[in-house]
Amino acid sequence: MRETHPLPDHPEFSVRDYPNYREYRVENRYVARNGSGRIIQKATGLSWCCALFPAFGFWWFAFSIFAATLWLYMKCTQVVAGALLNLHCKHSCLTLNFPTSETVLVIPPHGIQLETHRGLPRWPLAISRRFISLTNLRDVIINEALYGWNVRYYLAAVKEHPSTGFSLDVIFESILPRMPILSEVYHGIHEMLMNGHEDG
């Protein structure tokens, strides 16, 4: 395994080359824009209510332990108790739905796999994976979308769909990295997959 950081201005982006596949990874952080070179997490798994911990003391801590224990019990036993306690709430103290990194695994004879790692920084607690077969993959494109007064660019996999003809799967949908990273991944996927797929 060989890990490289092809874009010096984007330390959140890394490429890992393995014997049979390549991994493009984007961490949920960026370089500070003030020129200091500091690396900043985009968001944390903790919310504003954790700042209130000293004011509520033991009771807040006890509730947090109870909520974490209940969440772990629900995850381990697959008990559906959403009406009892909504632990997926954005304003809870420990938001474990925080995306820490997203990866694209390019496997040349088979297709691509999209992964989203969620949890706390450095400790992913859940990984969701989607595999797109090379037979269903039509193309990988860089598309643009309007968001308020801004234009956001995103990488998408165009795949065949039985009813509509095609569908889009957004790559790096939670983190939405900047254009230089998207361009690097786009060219890498086309180099490894699409050129050989078009010839064959």
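Predicted model, so just to flag it, every value in this text is computed and none were measured.
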Side-chain touch [X]/[Y], heavy atoms, less than 4.5 angstrom:
X      : Y      : answer
Val170 : Leu155 : no
Leu168 : Val158 : yes
Thr4   : Ser14  : no
Val15  : Arg22  : yes

Between [X] and [Y], is there shared hydrophobic-cluster membership here, with clusters defined by ILVMFWY side-chain heavy atoms closer than 4.5 Å?
X      : Y      : value
Met192 : Met1   : no
Ile127 : Val26  : no
Leu114 : Tyr18  : no
Tyr24  : Ile142 : yes

Calculate, to the nearest 0.5 Å, the distance between atoms [atom1] and [atom2] belonging to [X] and [Y] respectively.
X      : Y      : atom1 : atom2 : value
Ile181 : His10  : CD1   : NE2   : 5.0 Å
Glu12  : Glu27  : CD    : CD    : 9.0 Å
Ile132 : Lys159 : CD1   : NZ    : 5.0 Å
Ile141 : Asn143 : CD1   : CG    : 4.5 Å
Leu176 : Tyr147 : CG    : OH    : 9.5 Å
Phe131 : Asn136 : CZ    : CG    : 9.5 Å

Taking all atoms of both residues into account, what is the closest heavy-atom pair of [X] and [Y], and its distance?
X      : Y      : value
Val106 : Pro108 : O-CD, 3.5 Å
Arg138 : Gly165 : NH2-O, 3.3 Å
Val140 : Ile171 : CG1-CD1, 4.3 Å

Between [X] (side chain only) and [Y] (backbone N and O only), is there a donor and an acceptor less than 3.5 Å apart?
X     : Y     : value
Asn28 : Pro99 : yes
His5  : Phe13 : yes
Thr69 : Ile65 : yes

Can you pull out every ring-ring contact (aromatic ring centres under 6.0 Å, His included) where at least one residue sits in residues 148-186? Sequence neighbours excluded, please.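 Only Tyr186-His190 qualify under ring-ring contact (aromatic ring centres under 6.0 Å, His included).
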Is it the case that Arg118 and Ser174 place a side-chain donor and acceptor less than 3.5 Å from each other? yes
Strictly by modelled atom types, are Arg25 and Ser101 linked by a side-chain donor-acceptor pair under 3.5 Å? yes
Consider side chain to side chain donor-acceptor pair (under 3.5 Å). Of Glu23, Glu115, Gln113, Arg129, which one does Thr103 pass it with? Glu115
Take Leu134 and His110, measure what side-chain contact (heavy atoms from CB on, under 4.5 Å) needs, and give me the verdict at the end. CA-CA 5 Å; Leu134 191 57; His110 304 292; over 6 Å; no
By side chain to side chain donor-acceptor pair (under 3.5 Å) - contacts of Glu160 (at least two apart): none
Check the pair Thr116 / Glu102 against side chain to side chain donor-acceptor pair (under 3.5 Å), numbers first and verdict last. CA-CA 5 Å; Thr116 302; Glu102 289 185 297; 3.2 Å; yes
Do any pairs count as a salt bridge (charged side-chain N to carboxylate O under 4.0 Å, His left out) and have a residue in residues 140-156, sequence neighbours left out, and if so which ones?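 As it turns out, there is no salt bridge (charged side-chain N to carboxylate O under 4.0 Å, His left out) pair with a partner in residues 140-156 once direct neighbours are skipped.
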Between Ile112 and the options Leu193, Ile107, Leu105, the side chain to side chain contact (heavy atoms under 4.5 Å, CB included) test singles out Leu193
